[in-house]
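Below is one structure, written out as structure tokens; the observations come after it.
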Amino acid sequence: MYALVDCRSFYVSCERVFRPDLWGKPVVVLSNNDGCIIARSQEAKALGLRMGEAVFKCQHILKQNEVHVFSANFGLYGDLSARIMSVLEGFSPDIEIYSIDEAFLVFPNDNRDYEVLGRHICERVLRWVGVPVGVGFGHSKTLAKAAHEISKKGSGVCDIHQRGVTHTLQSLPVADIWGIGKRHSAFLNSNGIYTARQFRDMPPEVVRKRMHTPGFRTQQELKGLSCIPLEAVAEERKQIVSSRSFGTKLTEQSDVRGALADNVAVASEKLRFYGQAAQALMVFIATSRYNDDYYSRSVVIPLPEATASSRILTHYSGIGLEYVYKPGKRYAKSGVMLMNLVKADHIQGNLFYKGACQDTALMKAVDAINGRWGRHTLQLAVTQWHNRIWKMNQNMKSKRFTTSWNELPEVMSPCVADLYKKKTTQTESNGSFPTSK
DNA sequence: TCTGGGGTCCTAGGACCC
DNA sequence: TCTGGGGTCCTAGGACCC
């Protein structure tokens, strides 16, 4: 039996852990640069705020309804996610961490009451971490996902077999099936298929012909035949991307070069963390896609030898930039993609290339120092970190409550709060600040 | 004026091999 | 006039996920 555990409005719930006063109030979390909405509380959804909506377009709704707005704080979300996953591991050793806010668990298929189990999971995660979750059960991952969809409208827990699969799939729109995206649901709708049940009962040859292997697998899964196995051990990464929109549009090549160097620093740190090296590097830059003169170029640079050195990768990113940079544009975004990844201890030498220094010891030292003192403590001079004008806008970011000693939340017990009040009134005149926390 | 970031899998078709 | 059969590798583009 598969279980899917999914956090409710995950980023919003993370913010609420340290702002319990925001329960029941409309809250949204914004993308990097505070550009658009990427998470909404139930109350915010009810106001008609849409996923991915540009902030400047719905500013009036946010203001009128006193919506609480947060800049993205991915460090906080990642840390709370890790805590939730470790709680879930206590329920089953067979776990696949599917995304930052979702995990699949596998349980023996016996006669136990799975909805009771589901409620235990919800209670424990809420009590131990503070984030509400929902749980769906089914004999395949797709059925567990479907059960979870249904659980959102009810108590937060659903065993699709207990409720009756056919009956449940009948109430699920085909577009809400895991693996059926926009294109396929439009195609299905145009052929009179609106519900998950109708899709499940379509002739398999038709599904295979029009939606190929992935669509066929999804259909099999809805019949209770598990085709998508649990991936308990994460596969090796095939590519690593780092890209960022700039806080302000860039026109100088040297600024773009600095931003690219930072993209390389972020991506290659991840690369080294996974013990991998890249055989090729893609560089891309773009102006705003919403402008008429949208300009976007990319170039792939094969490297003479696989590497994980930020110094070498930054060098090649500069060469790539020469190819794609066109003067006179207002650049909005840059990025790098590390490709054709191999294990760092299995690098194939190049017969016609003398081999560059891999900087292994240097990178190890850089990562150790940055790990201890923060990502931008040591970096290449080309980044021009302290003069960067591409800095992200993040004007409403919460603190690093769980990952920085200097930003621990302060808690006051009621009796201390009373003392604090008294002291504050007493000392207001001379301005000295009470120290009790 | 202002609009995010990071991934995977599958297929068709071209280019090549014997 | 008539021109085989069996394969691999690579890439671009499409579709999907969070």
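Note on naming: letters A, B, ... go to the chains in the order of the sequence lines (proteins, then strands), and numbering restarts at 1 for each one. As a basis for the values below, the full set of heavy atoms in this structure was taken, side chains included, without hydrogen atoms, waters or symmetry mates.
One interatomic measurement links the two molecules: CE of A/Met392 to P of B/dC2, which rounds to 18 Å at whole-angstrom precision. Rounded to whole Å, atom C1' of B/dC10 lies 14 Å from atom CD1 of A/Ile228. To the nearest angstrom, C1' of C/dC16 lies 14 Å from NZ of A/Lys141. In this structure, A/Ile97 atom CD1 and C/dC18 atom C1' are separated by 14 Å, rounded to whole Å. Atom CD of A/Glu235 and atom C1' of B/dT8 are 10 Å apart (whole Å). If you measure from atom CD1 of A/Ile180 to atom P of B/dC10, you get 15 Å, rounded to the nearest angstrom. Straight-line distance from the CZ atom of A/Phe216 to the C1' atom of C/dC16: 18 Å, rounded to whole Å. The nearest whole Å value for the distance from the NE2 atom in A/His184 to the P atom in C/dC17 is 9 Å.
Distance noted for atom C1' between B/dC17 and C/dG4: 15 Å (whole Å).
Nearest nucleotide to the A/Ser99 side chain, out of C/dC18, B/dT11, B/dC9: C/dC18. Which of B/dG5, C/dA15, B/dT3 sits closest to the side chain of A/Arg183 comes down to C/dA15. With B/dG5, B/dG7, C/dC18 as the choices, the nucleotide that has an atom nearest any side-chain atom of A/Glu102 turns out to be C/dC18. Nearest to the side-chain atoms of A/Lys238 among the listed nucleotides B/dG7, B/dC9, B/dC10 stands B/dC9. Across B/dG6, C/dC17, B/dT3, the shortest atom-to-atom separation from the side chain of A/Tyr98 is found for C/dC17.
Within 4.0 Å of A/Ile177, counting heavy atoms only, lie sugar-phosphate atoms of the nucleic acid but no base atom. Within 4.0 Å (heavy atoms only), A/Asp101 reaches sugar-phosphate atoms of the nucleic acid but no base atom. Using a 4.0 Å heavy-atom cutoff across all strands shown, A/Gln59 reaches no nucleic acid atom at all. In this structure, A/Leu30 reaches neither bases nor backbone, as no heavy-atom distance under 4.0 Å exists between it and the strands shown. Among the heavy atoms of the strands, none lies under 4.0 Å from A/Ile100. At the heavy-atom level, A/Arg289 lies nowhere under 4.0 Å from the strands shown.
Along DNA chain B, the nucleotide closest to A/Ala332 and the one closest to A/His212 are compared, and the more 5′ of them pairs with A/Ala332. Closest-nucleotide positions on DNA chain B for A/Glu236 and A/Arg330 were compared, and the one nearer the 5' end corresponds to A/Arg330.
With a 6.0 Å radius and a threshold of 12 heavy atoms from other residues, nucleotides or ligands, A/Lys153 has its NZ atom above the threshold. Within a 6.0 Å sphere centred on NZ of A/Lys364, other residues, nucleotides and ligands contribute 12 heavy atoms or fewer.
A distance cut-off of 5.5 Å between ring centres, combined with a plane angle under 30°, places A/Tyr290 in a stacking arrangement with the base of B/dT3.
Look at A/Ser243 and you'll find a side-chain N or O under 4.0 angstrom from OP1 or OP2 of B/dG6. Between A/Lys333 and B/dG5 there is a side-chain N or O to OP1 or OP2 distance below 4.0 Å. Distances shown here put a side-chain N or O of A/Lys249 below 4.0 Å from the OP1 or OP2 atom of B/dT3. Taking side-chain N and O atoms only, A/Ser288 has no distance below 4.0 Å to OP1 or OP2 of B/dC2. OP1 and OP2 of B/dG5 both lie 4.0 Å or more from every side-chain N or O belonging to A/Lys270. Proximity of A/Arg217 to the phosphate of B/dC9: no side-chain N or O atom is located under 4.0 Å from OP1 or OP2. OP1 or OP2 of B/dG5 sits under 4.0 Å from a side-chain N or O of A/Ser245. Considering only side-chain N and O atoms, A/Arg50 lies nowhere under 4.0 angstrom from the phosphate OP1 or OP2 of B/dT3.
Atom CE of A/Met339 sits about 6.5 Å away from atom CD of A/Gln239, to the nearest 0.5 Å. Here A/Glu221 contributes atom CD and A/Ser140 contributes atom OG; the two are 4.0 Å apart, rounded to the nearest 0.5 Å.
Cation-pi check for A/Arg40 over A/Tyr11 is not met; the charged atom does not lie both under 6.0 angstrom from the ring centroid and within 45 degrees of its normal.
Checking A/Thr166 against A/Arg200 by side-chain atom types alone, a donor-acceptor pair falls below 3.5 Å.
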For this session: Kindly indicate, with the supporting measurements, whether the criterion salt bridge (charged side-chain N to carboxylate O under 4.0 Å, His left out) is fulfilled by A/Asp159 and A/Arg163.
Result: CA-CA 6 Å; A/Asp159 170 0; A/Arg163 310 264 177 116; over 6 Å; no
